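Throughout, a chain's letter reflects where its sequence line sits, starting with A, and its residues are numbered from 1. Computed from a predicted structure; not experimentally measured.
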2 protein chains.
Amino acid sequence: MKATVKSDKGDRRIGSPEETVFLELTRTTDMLSRGLAGILKSEDLSSTQYNVLRILRGAPDGLPCGEIASRMITRDPDVTRLLDRLEKRKLISRCRETKDRRTVMVRITADGLQLLARLDEPVQAGHRKQLGHLGRERLRSLTDLLLVARSQVL
Amino acid sequence: MKATVKSDKGDRRIGSPEETVFLELTRTTDMLSRGLAGILKSEDLSSTQYNVLRILRGAPDGLPCGEIASRMITRDPDVTRLLDRLEKRKLISRCRETKDRRTVMVRITADGLQLLARLDEPVQAGHRKQLGHLGRERLRSLTDLLLVARSQVL
DNA sequence: CAACCATACTCGTTTTAACGACTATTGTCA
DNA sequence: TGACAATAGTCGTTAAAACGAGTATGGTTG
């Protein structure tokens, strides 16, 4: 997350309820992301990189890099170099398809899987530590509300 | 927000409720931020810059730049150059304090205020468009839940 | 008052992200 | 089939963010 707002207190004008939600979302997400980033740093991984690896773990047969881009937010052009960095570290591999020679298939390597495996536990623990106090009930409400919120937006 | 996860579908393992919330938060915030960024782009402003300006609007007497940094997430060192860019555009002004000559006071300029004023309406409209469909009730629940979530962390 | 620590920024450098233009294949249809 | 458009990635460049070290000023204390 690009990190943005934190408090903005001092600005006395109370915004619309919609804006309030937006600001709260931003602050909360930002705070949580910071925690995750700290955990990932132990493996020298950015959260974007972590995400790519997780996406690839979910697709053992590999994915064309356009598909990766579309599952993330970052645009096509940037994925190339993101993958470059991961490939340099042997966490993924790329190979050009023989059928459609335009597409490049990307797969996670054994090294990549191991790295993810090392992170699984700390990441889960981090999430529990940050959000566990909410309890099932509220976690569920929150998830539901967010789904509804997102469903409408384009 | 640095833009990160979007879908991650394909990864069949259903995570903990905490992780689910985290992912939903990330996706939602990301989607909403994207919308805001689009609006800000009309004035060639990044969301970080927008935030600084809003913070400063709330503090007519100016703020030392360390205080700005602490109200945002970004670290001290980076605020300097962020302000550099804003100053170059005459949106803020800086002057060294006479009392404590270490601190630099930052103020928003008339130009800066005008720019914000031009954005106020579109930004509000954007938020309503994105989240208005939730209705008072759910907006409020969401805000409350987020506050609770954040209260505990760190 | 002199040495020392803390504070408040600034500067240098390396990574990343963002935007645009460019290349290579494939698919379409006149 | 031959021109044209669409698709899939890559490359170049500029702008931000991240991390660390450095500078100046102000407070503290022996």
Side-chain angles (χ1 to χ4, degrees), chain A residues 1-6 30 33-34 36-38 40-53 62-89 92-107, chain B residues 1-6 30 33-34 36-38 40-53 62-89 91-106:
Chain A
M1 166 163 319
K2 192 56 54 26
T4 30
V5 192
K6 181 181 172 188
D30 206 274
S33 300
R34 211 157 287 279
L36 178 60
L40 299 182
K41 206 175 51 186
S42 72
E43 297 284 353
D44 269 305
L45 219 57
S46 73
S47 59
T48 312
Q49 293 173 326
Y50 178 63
N51 256 271
V52 172
L53 292 180
L63 289 174
C65 64
E67 175 61 19
I68 295 175
S70 79
R71 294 197 189 186
M72 308 184 48
I73 333 265
T74 108
R75 313 180 344 145
D76 234 356
D78 305 313
V79 172
T80 297
R81 275 173 282 211
L82 175 54
L83 294 177
D84 283 348
R85 292 186 279 269
L86 290 174
E87 188 176 33
K88 198 170 301 175
R89 291 174 59 182
I92 64 159
S93 67
R94 286 191 275 198
C95 63
R96 197 161 284 275
E97 277 299 287
T98 39
K99 316 173 183 183
D100 184 341
R101 295 182 20 73
R102 287 171 301 182
T103 78
V104 171
M105 266 306 193
V106 185
R107 283 187 191 74
Chain B
M1 164 164 321
K2 189 57 50 33
T4 30
V5 192
K6 181 181 173 190
D30 207 275
S33 300
R34 212 157 287 278
L36 178 61
L40 300 181
K41 206 174 53 186
S42 72
E43 297 283 352
D44 269 305
L45 219 56
S46 73
S47 59
T48 312
Q49 294 173 326
Y50 178 64
N51 256 272
V52 172
L53 293 180
L63 289 174
C65 66
E67 175 61 20
I68 296 174
S70 80
R71 294 197 189 187
M72 308 184 47
I73 333 265
T74 110
R75 313 182 344 146
D76 235 355
D78 304 314
V79 171
T80 297
R81 274 171 285 211
L82 175 53
L83 294 177
D84 284 347
R85 292 186 279 269
L86 291 174
E87 189 177 32
K88 198 171 300 174
R89 291 174 59 181
L91 300 176
I92 63 159
S93 68
R94 284 190 277 197
C95 63
R96 198 160 284 275
E97 277 298 288
T98 41
K99 314 174 185 182
D100 184 340
R101 296 183 19 73
R102 287 171 302 181
T103 77
V104 171
M105 265 308 191
V106 185

Okay, side chain of Glu67(A), backbone of Pro64(A): is any donor-acceptor separation there less than 3.5 Å?
no
Please check the phosphate of dA17(C) (OP1 and OP2 only) for any side-chain N or O of Thr48(A) closer than 4.0 Å.
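So the side-chain polar atoms of Thr48(A) do come within 4.0 Å of the phosphate oxygens OP1 or OP2 of dA17(C), strictly under.
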How is Asp100(B) classified with respect to the nucleic acid when contacts are heavy atoms under 4.0 Å: base, sugar-phosphate, or nothing?
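Here Asp100(B) touches the backbone only, sparing every base.
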In whole angstrom, what separates Arg96(A)'s CZ from dA24(C)'s P?
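Between P of dA24(C) and CZ of Arg96(A): 11 Å.
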Starting from the first five and the last five pairs of the helix from dC1(C)-dG30(D) to dA30(C)-dT1(D), work out the angle between the resulting helix axes, to 10 degrees.
0°
Approximate separation, where rounding is to 0.5 Å, of Glu97(B) CD and Met105(B) CE
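The distance works out to 5.0 Å.
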What's the CG-C1' distance between Leu83(B) and dA15(D), to the nearest Å?
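Result: 16 Å.
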Tell me: CD1 of Ile68(A) to P of dT10(D), nearest whole Å?
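The distance from CD1 of Ile68(A) to P of dT10(D) comes to 10 Å, rounded to the nearest Å.
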Name the closest nucleotide to the Lys41(B) side chain, picking from dC19(C), dC19(D), dG9(D).
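Per side-chain heavy atoms of Lys41(B), the pick is dC19(C).
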Take atom CD1 of Ile92(B) and atom P of dC9(C), then tell me their distance rounded to the nearest Å.
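These atoms are roughly 12 Å apart.
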Smallest separation among heavy atoms of Val79(B) and Ala69(B), with atom names
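For Val79(B) versus Ala69(B), the nearest heavy atoms are CG2-CB, 3.5 Å.
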Nucleotide dG9(D), atom C1' - distance to CZ of Arg101(A) in whole Å:
13 Å
Should the pair Asp30(B)-Arg34(B) be classified as a salt bridge under the 4.0 Å nitrogen-to-oxygen rule?
yes
Which heavy atom of Gln49(A) sits nearest a heavy atom of Leu82(A), and at what distance?
CG-CD1, 3.6 Å
Calculate the interatomic distance between Asp30(A) atom CG and dA17(D) atom P; express it in whole Å.
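From Asp30(A) CG to dA17(D) P: 12 Å.
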Between Arg81(B) and Gly66(B), whichever has its closest DNA chain C nucleotide further toward 5' is Gly66(B)
Just the rounded figure in Å: distance from P of dC11(D) to CG of Leu82(A).
15 Å
Does any N or O in the side chain of Arg107(A) come within less than 3.5 Å of the main-chain N or O of Leu63(A), such that one atom is a donor and the other an acceptor?
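Not at all, since once roles are kept as given, no pair shorter than 3.5 Å links the two residues.
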Among Asp84(A), Asp78(A), Leu83(A), exactly one meets side chain to side chain contact (heavy atoms under 4.5 Å, CB included) together with Thr80(A). Which residue is that?
Asp84(A)
Rounding to a whole Å, what distance do you find between Arg102(B):CZ and dC9(C):C1'?
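Rounding to the nearest Å, CZ of Arg102(B) and C1' of dC9(C) are 10 Å apart.
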Let's see if you can work this out: which of dG9(D), dC9(C), dA17(D) has an atom nearest to the side-chain heavy atoms of Thr103(B)?
dC9(C)
Assign each of Thr98(B) and Leu63(A) to its nearest nucleotide of DNA chain D by heavy atoms, then name whichever residue's nucleotide is nearer the 5' end.
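Counting from the 5' end, the first nearest nucleotide belongs to Leu63(A).
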Across the strands shown, which category fits Arg85(A) at heavy-atom distances under 4.0 angstrom: base, sugar-phosphate, nothing?
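Here Arg85(A) touches the backbone only, sparing every base.
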In terms of side-chain heavy atoms of Asp78(A), which of dA18(C), dC19(D), dA16(D) is nearest?
dA18(C)
Report yes if a donor N or O on one partner sits less than 3.5 Å from an acceptor N or O on the other, where the partners are the side chain of Arg94(A) and the base of dG9(D); otherwise report no.
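Flag unset: no donor-acceptor pair detected.
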